[in-house]
2 protein chains.
Amino acid sequence: MAESAKTKIDKDDVQALQDTIYVIGGKWKLPIIYSICCGNKRFTDIERSIPGITTRMLSRNLKELEDNMLITRKVDPDFTTIIEYEFTEHAKAYGNLILQMIDWGKQHKQLIIKENRLQKQKTPIF
Amino acid sequence: MAESAKTKIDKDDVQALQDTIYVIGGKWKLPIIYSICCGNKRFTDIERSIPGITTRMLSRNLKELEDNMLITRKVDPDFTTIIEYEFTEHAKAYGNLILQMIDWGKQHKQLIIKENRLQKQKTPIF
DNA sequence: CAGTATCCCTGTGGATACTG
DNA sequence: CAGTATCCACAGGGATACTG
């Protein structure tokens, strides 16, 4: 009984975190979500708004986001070349998180730069 | 001037999001952070608390989190086999985000299950 | 415009064995 | 206890070219 408190954690929570990262993980998911957040709806607009993304990556990631019901893909009934991506209601509950991640990322960058920790990184972020 | 509003997005924000996902991305980072959040401090405790993680993955990810200054590694001056991982102050500002991600992950899971979208996933999460 | 198709490379992660 | 070392598989991602 004198055993030091072995803290257990909720396995469901671990699973939830892994699910979350599975859905929004990878290099492009958050930027794409953010771009749509900002009002971009069409493929080429989203593509142009995100520096460095390729059509292939955009296409794949849009599909995955659609599979995970974060966005919907709508084809214009008259002009089938007009396709618009929009958030689902479910995804909108997520917007706040994104803003926080942006904030956190910026703060983090400042910190890392200030502390001159760049050398220790195998794969520097910046 | 009749051009439809081409929405631009803040490139710095995109970068911040990519930095964030770089730091906390991958399968194990969030679970590890969460485990430490829950009070686990030592290697073996953390390892046991996260289902499926291997020593290799834990070791690597702890090191990366340390490089990114989210945690500190403290060696007991008397017992060098006692090593404790703790959050930096910087990382604590992050706790709230984690709780939100757990929440979101759980909600998302419910939704996906309800909508019977599982079949459409190439790599089912659940 | 809104994507596919190919090819190729790297990094992440898993399995297993070993160590100060 | 707290890790390394090795080997290997696969998915994510980049470059480039092509299409309805």
Side-chain angles (χ1 to χ4, degrees), chain A residues 3-4 6 14 17-18 21-32 35-36 40-68 71-86 121-125, chain B residues 3-4 6 14 17-18 21-32 35-36 40-68 71-86 121-125:
Chain A
E3 181 71 327
S4 78
K6 293 290 178 218
V14 173
L17 284 169
Q18 287 181 332
I21 217 62
Y22 174 85
V23 172
I24 61 152
K27 190 173 177 180
W28 303 111
K29 295 272 171 62
L30 286 177
I32 291 169
S35 174
I36 297 175
N40 292 304
K41 291 170 181 297
R42 303 185 57 183
F43 192 91
T44 310
D45 290 342
I46 299 171
E47 190 178 8
R48 272 196 284 254
S49 74
I50 303 173
I53 200 170
T54 61
T55 60
R56 178 178 132 86
M57 281 302 121
L58 180 55
S59 173
R60 270 177 42 165
N61 283 285
L62 281 171
K63 210 163 289 168
E64 286 170 27
L65 291 171
E66 204 194 343
D67 285 346
N68 280 305
I71 57 174
T72 53
R73 182 181 184 276
K74 287 185 185 159
V75 185
D76 189 299
D78 301 323
F79 306 87
T80 53
T81 59
I82 298 186
I83 287 157
E84 293 194 338
Y85 293 94
E86 283 175 12
Q121 311 252 3
K122 286 119 255 198
T123 318
I125 332 178
Chain B
E3 183 73 325
S4 79
K6 292 289 176 216
V14 172
L17 284 170
Q18 287 181 332
I21 216 63
Y22 175 85
V23 172
I24 62 152
K27 191 173 177 180
W28 302 112
K29 294 274 171 60
L30 287 176
I32 291 169
S35 175
I36 297 175
N40 293 304
K41 290 171 181 297
R42 302 185 57 183
F43 193 91
T44 311
D45 289 343
I46 299 171
E47 190 178 8
R48 272 196 284 256
S49 75
I50 303 174
I53 200 169
T54 61
T55 60
R56 177 177 133 86
M57 281 302 120
L58 180 54
S59 174
R60 271 176 42 164
N61 282 285
L62 282 171
K63 209 162 290 166
E64 288 171 24
L65 290 172
E66 203 194 344
D67 285 347
N68 279 306
I71 58 174
T72 53
R73 182 181 184 275
K74 287 185 184 160
V75 185
D76 188 300
D78 302 323
F79 306 89
T80 53
T81 58
I82 298 185
I83 287 158
E84 293 193 339
Y85 292 95
E86 283 174 12
Q121 311 252 2
K122 287 118 253 196
T123 317
I125 334 178

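Everything numeric here is computed off the predicted structure, so don't read it as measured data. Each chain gets a letter, A, B and so on, in the order the sequences are listed, and its residues count up from 1.
For the pair B:Ile83 CD1 and D:dG3 C1', the interatomic distance rounds to 8 Å; values are reported in whole Å. If you measure from atom CZ of A:Phe79 to atom C1' of C:dC1, you get 13 Å, rounded to the nearest angstrom. We find that CD1 of B:Ile21 is positioned 14 Å from P of D:dG12, with the value rounded to whole Å. Atom CG of B:Asp78 and atom P of D:dC1 are 19 Å apart (whole Å). At whole-Å resolution of the value, CD1 in B:Ile50 and P in D:dA2 are 14 Å apart. Across the protein-nucleic acid pair, B:Ile32 atom CD1 and D:dG3 atom P stand 12 Å apart, rounded to whole Å. Look at NZ on A:Lys41: it is 17 Å from C1' on C:dA2, rounded to the nearest Å. Distance CZ (B:Phe43) to P (C:dT19): 17 Å, rounded to an integer number of Å.
Panel note: side chain B:Ser59, backbone B:Arg56; no donor-acceptor pair is recorded below 3.5 Å. Under a 3.5 Å cut-off, the side chain of A:Glu86 and the backbone N or O of A:Thr72 do not form any donor-acceptor pair. A:Asn61 places a side-chain N or O within 3.5 Å of a backbone atom of A:Met57 that can act as its donor or acceptor partner.
Side-chain contact check for B:Thr44 versus B:Arg48: some heavy-atom pair is nearer than 4.5 Å. Residues B:Lys27 and A:Tyr22 have side chains not in contact (no heavy-atom distance under 4.5 Å, counting atoms from C-beta outward). The closest side-chain heavy-atom distance from A:Ile36 to A:Ile32 is below 4.5 Å.
Rounding to the nearest 0.5 Å places CG of B:Asn40 at 6.0 Å from CD1 of B:Ile46. Atom OG of A:Ser35 is separated from atom CG of B:Leu17 by 11.0 Å, given to the nearest 0.5 angstrom. Here the NZ-CZ distance, from A:Lys29 to A:Arg60, works out to 9.0 Å after rounding to the nearest 0.5 Å.
In this model, the phosphate group of C:dC1 is not approached by any side-chain N or O of A:Arg42 to a distance below 4.0 Å at OP1 or OP2. An OP1 or OP2 oxygen of C:dT4 is reached within less than 4.0 angstrom by a side-chain nitrogen or oxygen of A:Lys63. Taking side-chain N and O atoms only, A:Lys29 has no distance below 4.0 Å to OP1 or OP2 of D:dG12. Under 4.0 angstrom from either OP1 or OP2 of C:dG3 there lies at least one side-chain N or O belonging to A:Tyr85. Contact annotation: B:Lys27 side-chain N/O to C:dG14 OP1/OP2 distance is under 4.0 Å. OP1 or OP2 of D:dA15 has not a single side-chain nitrogen or oxygen of A:Thr54 nearer than 4.0 Å.
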What does the list of N/O pairs under 3.5 Å between the protein and nucleotides 5-10 of chain C look like, with a distance for each?
unit_1: C:dT6; atom_1: O4; unit_2: A:Arg56; atom_2: NH1; d: 3.4

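Residue A:Arg60 is in base contact, counting any heavy-atom pair closer than 4.0 Å across all strands shown.
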For DNA chain D, the expected dot-bracket line (Watson-Crick or G-U under 3.5 Å, [ ] crossing, | inter-strand) is ||||||||||||||||||||
For residues 78-85 of chain B, which side-chain N or O atoms pair as donor and acceptor with protein atoms under 3.5 Å away, sequence neighbours left out?
unit_1: B:Tyr85; atom_1: OH; unit_2: B:Arg73; atom_2: NE; d: 3.4

